[in-house]
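Right, one structure below, let's go through it.
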Amino acid sequence: MFKKILIANRGEIALRVQRACRELGIATVAVHSTADADAMHVRLSDESVCIGPPSARESYLNMPAILSAALITGAEAIHPGYGFLSENADFAEMVEAHNLVFIGPSASHIRMMGDKITAKTTMLELGVPLVPGSPGELDTLDAAYAIAENIKYPVLIKAAAGGGGRGMKVAQNRSELESAFREARIEAAAAFGNAAVYMEKYLDRPRHIELQVLADSFGQVVHFGERDCSLQRRHQKILEEAGSPAITPAQRDALGQTVTEALQKIGYRNAGTLEFLYQDGHFSFIEMNTRLQVEHPVSEMISGMDLVHEQIRIAAGEPLGYTQSDIHLTGHAIECRITAEDSETFAPSPGLITVYHPPGGLGVRVDSALYTGYRVPSNYDSLIAKLITHGKTRSEAIARMKRALREYVISGIKTTIPLHQRILENPDFIAGDYTIHWLEKFVARSGLN
Ligand code: MV4
């Protein structure tokens with residue numbers, strides 16, 4: 001096992017990884033920008049290194065600075081958290097080139113899944129269900145017309161290097177296809193330096209369901225069931241749950257078996273998440289994320305497993321030591337992402353936290369790096385806390401979330417706690433009856449948007 005790990009991230013996830021290291025008896029190195037000198041992840045780590053100015057490009061994305069920090073402190077491995085360098089194959093390669101361990105998949109698997117066309121082609125060959133679409137890159141408008149006639153309109157043009165919703169264009173009919181194709185290519189080239197696009201049939205009211213997996217270096221692959229991440233606004237997830245209110249245990253087992261067999265065949269290693277759209281009883285793979293995700297705690301709550309602990313053990317070359325039949329998913333978990341934003345307008349609200357009092361009690365988990373007197377900087381993502389509740393049933397998890405949100409005191413800035421309180425009172429939410437479009441309509445109905 002490693003003796004010292006550098007955590008190349010900030011905020012709640014840096015603390016989350018640090019907690020796992022502490023429990024494993026591993027020393028931690030924090031890195032931080034000048035804006036984060038007083039951050040909780042710096043205060044609680046064994047050592048810390050300032051890696052640059054506030055701008056993420058010059059600090060948390062600064063590969064030479066992070067590698068130097070690891071070499072100077074004698075860290076043996078780097079955990080990238082989520083965002084920043086977590087899905088950067090070049091960084092993973094550089095880490096390994098310096099005889100350090102990247103706590104994540106191989107650079108080649110990161111690269112494979114980073115190209116959405118390669119990811120889909122790979123999954124197709126492995127028998128994972130996909131949305132009907134182009135077999136690979138769409139290189140001409142004529143090819144686009146031919147495929148669209150075959151799969152029927154509406155269709156969606158997506159960027160191969162995209163993901164997370166960037167660079168997508170819908171064509172409702174033949175007359176819209178030319179501009180969708182042309183604009184998608186121009187946007188893809190500008191945003192990603194790669195004009196390659198592909199086509200899918202457009203699903204008009206899907207749920208966004210993702211499957212959490214772990215794989216060791218010896219071909220053992222397990223899954224932890226699904227998360228329903230349909231409640232999102234502008235591609236930012238707001239509230240997630242495990243399991244999905246729409247999925248039966250038989251569907252979960254079947255999808256889990258397909259996916260774990262597929263990842264075993266390609267020799268995937270460490271944590272991963274396969275994203276699916278679910279509509280009319282059918283799952284369609286769209287993308288794979290090769291990192292730990294923000295919402296991983298809901299899977300931990302229903303499985304009782306520490307996924308970061310497992311990521312570190314896998315990276316250290318240990319076998320999982322258990323199989324799918326040892327994983328028991330019990331009860332239901334919900335995560336509310338609390339951001340430093342106005343709960344109606346979503347205007348950013350950074351600033352000084354004057355009072356901080358987190359909730360507690362049975363089945364309540366708070367992943368946050370806030371403290372009284374902390375100043376939320378304006379330079380980074382607005383996520384300040386994840387409130388997670390677990391219950392024997394979904395209704396128990398909801399009741400627990402409502403009472404935990406009432407207990408939570410975050411004064412001095414605006415937060416999205418009131419938004420979560422409104423969602424949790426809504427009959428559609430309570431019934432589990434929602435798609436990826438539900439939250440935006442809910443916000444439009446009830447707020448200033
Ligand atoms: C789709 C889709 C409908 N049909 N693909 C957006 C982000 C990227 N991960 C995939 N996305 C979508 N792909 C087909 N064939 C609708 C979306 C989509 C979406 C997906 C997941 C979560 C939120 C979303 C919001 C808008 C659109």
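Whatever order the structure lists them in is the order used to number ligands and atoms, beginning at 1.
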Side chain, backbone, both or neither: the part of [X] lying under 4.0 Å from ligand 1 by heavy atom:
X: Lys201; result: backbone
X: Leu277; result: side chain
X: Leu203; result: both

State whether a side-chain donor-acceptor pair under 3.5 Å links [X] with [Y].
X: Glu87; Y: Tyr82; answer: no
X: Asp228; Y: Ser244; answer: yes
X: Asp142; Y: Thr140; answer: no
X: Gln236; Y: Gln232; answer: no
X: His296; Y: Gln212; answer: no

Would you mind listing which atoms of ligand 1 come within a distance below 4.0 Å of any non-hydrogen atom of [X]?
X: Val131; value: 15 (N)
X: Ile286; value: 9 (N), 10 (C)
X: Tyr202; value: 3 (C), 4 (N)

Any Lys/Arg nitrogen of Lys237 or Glu335 sitting under 4.0 Å from an Asp/Glu carboxylate oxygen of the other? no

Please give me the minimum heavy-atom distance between Ala89 and Ile110, naming the atom from each residue. N-CG2, 3.8 Å

Mind checking whether [X] has an N or O less than 3.5 Å away from an N or O of ligand 1?
X: Met168; value: no
X: Glu287; value: yes
X: Glu200; value: yes

Heavy-atom nearest neighbour of atom 22 (C) of ligand 1 within options Lys116, Glu275, His208: His208

Between the candidates Lys158, Arg233, Glu440, Met199, which shows the shortest non-hydrogen contact distance to atom 5 (N) of ligand 1? Lys158

Who are the side chain to side chain donor-acceptor pair (under 3.5 Å) partners of Glu96, not counting sequence neighbours? none

